[in-house]
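Quantities reported herein were computed from a predicted structural model and do not represent experimental measurements. Chain A is the first sequence line, chain B the second, and so forth, proteins listed ahead of strands; every chain is numbered from 1.
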There are 2 protein chains.
Amino acid sequence: MELSEKKTAEMFKALCDENRIKIIKLLQNGEKCACRLNEEIDVTQPTMSHHMKVLCDSGLVVGRKEGKWMHYSISREGAKTALELLSELTKVKIDSNDSCC
Amino acid sequence: MELSEKKTAEMFKALCDENRIKIIKLLQNGEKCACRLNEEIDVTQPTMSHHMKVLCDSGLVVGRKEGKWMHYSISREGAKTALELLSELTKVKIDSNDSCC
DNA sequence: TCACCACATTGAAAAATGTCTATATATTTA
DNA sequence: TAAATATATAGACATTTTTCAATGTGGTGA
């Protein structure tokens, strides 16, 4: 763990978009192919492809190619990493007082 | 819990920016006033003020006014909410096969 | 009251992101 | 091989976000 601030921000950027949240929620019910996702979310095919790239790059989602189809699913490992990252980030290490002002 | 996709995305938007990640990391060592944060991060004062607003709006950070100073700290409750949100979002409900293609 | 200080707000410019259309690539099937 | 299908990529455009300079607000102390 202990990613750079840039990498950390990148991880959470995957979760910054309303449509990507919808996609993840759909994937909670198991693996889905791109065409099915496209049916359920109102964006064009290239836009969906872009979102799937962002999600896969973040590690939260994994893609599996089967012939001409792409099947996507939530990565348990990616989800675990994200949770650990958020947990570490928001952990208060020392409850010291503000010695500044 | 069970926020809308829009609200969920908004929560994670607070974590999307490299400088805001740095700010949270600084706050891990305890409450800090705005002027101290400003010393440590290379942005102008209005930009810092903007980031603090985003962080406070998300609930992850709380501000406490004391005279003319603002003291910021990580909200344990906000952090808990964010963790629960991410945990629920990435939980795989059913491991069904893709019945699509 | 007046000057000063810490912080917030406003408005504008620059950068990043989401979206589309058009096109390319890869795989299957006739 | 050629057509059809699923997905990816490229390029353009609009929106959103980050940032700054300028200014406003509210508290402090001379």
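Toward the 5' end of DNA chain C, the nearer of the two residues A:Arg20 and A:Glu66, judged by each one's closest nucleotide, is A:Arg20. Nearer to the 5' terminus of DNA chain D, by closest-nucleotide assignment, is the contact made by A:Trp69 (compared with the other of A:His50 and A:Trp69). Closest-nucleotide positions on DNA chain C for B:Lys68 and A:Lys68 were compared, and the one nearer the 5' end corresponds to B:Lys68.
Put simply, chain B comes within 4.0 Å of DNA chain D, heavy atom to any atom, from D:dT17 to D:dT28, going 5' to 3'. Using a 4.0 Å cutoff to heavy atoms of chain A, the contacted part of DNA chain C runs 5' to 3' from C:dT17 to C:dT28.
With salt bridges taken as basic N to acidic carboxylate O contacts below 4.0 Å, one links A:Arg64 and A:Glu66. Using a 4.0 Å cut-off between charged nitrogen and carboxylate oxygen, A:Glu10 and A:Lys6 do not count as a salt-bridge pair.
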Quiz item: Is there a salt bridge (charged side-chain N to carboxylate O under 4.0 Å, His left out) between B:Glu88 and B:Lys91 once you walk through the steps?
Solution: CA-CA 5 Å; B:Glu88 276 191 28; B:Lys91 189 169 292 168; over 6 Å; no

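One N or O on the side chain of B:Thr81 and one on the backbone of B:Glu77 form a donor-acceptor pair closer than 3.5 Å. Within the 3.5 Å criterion, the main-chain N or O of B:Ser4 finds a donor-acceptor partner in the side chain of B:Thr8. The main-chain N or O of B:Gln45 is never found under 3.5 Å from a side-chain atom of B:Ser49 such that the two would form a donor-acceptor pair.
Cluster annotation: A:Ile41 and A:Val54 are assigned to distinct hydrophobic clusters (Ile/Leu/Val/Met/Phe/Trp/Tyr, side-chain heavy-atom contacts under 4.5 Å, transitive).
Near DNA chain D, defined here as any heavy-atom distance below 4.0 Å, the residues from residues 10-17 of chain B are B:Lys13, B:Asp17, listed numerically.
B:Gln28 has its side chain out of reach of A:Val92: every pair of non-hydrogen atoms, C-beta onward, lies at least 4.5 Å apart. In this structure, A:Thr44 and A:Met48 have side chains that are not in contact, with every pair of non-hydrogen atoms separated by 4.5 Å or more. Two residues are said to be in side-chain contact when any heavy atoms from C-beta on lie closer than 4.5 Å; B:Ser73 and B:Val62 meet this criterion.
When heavy atoms are screened at a 4.0 angstrom cut-off, A:His51 is found touching the sugar-phosphate backbone but no base atom.
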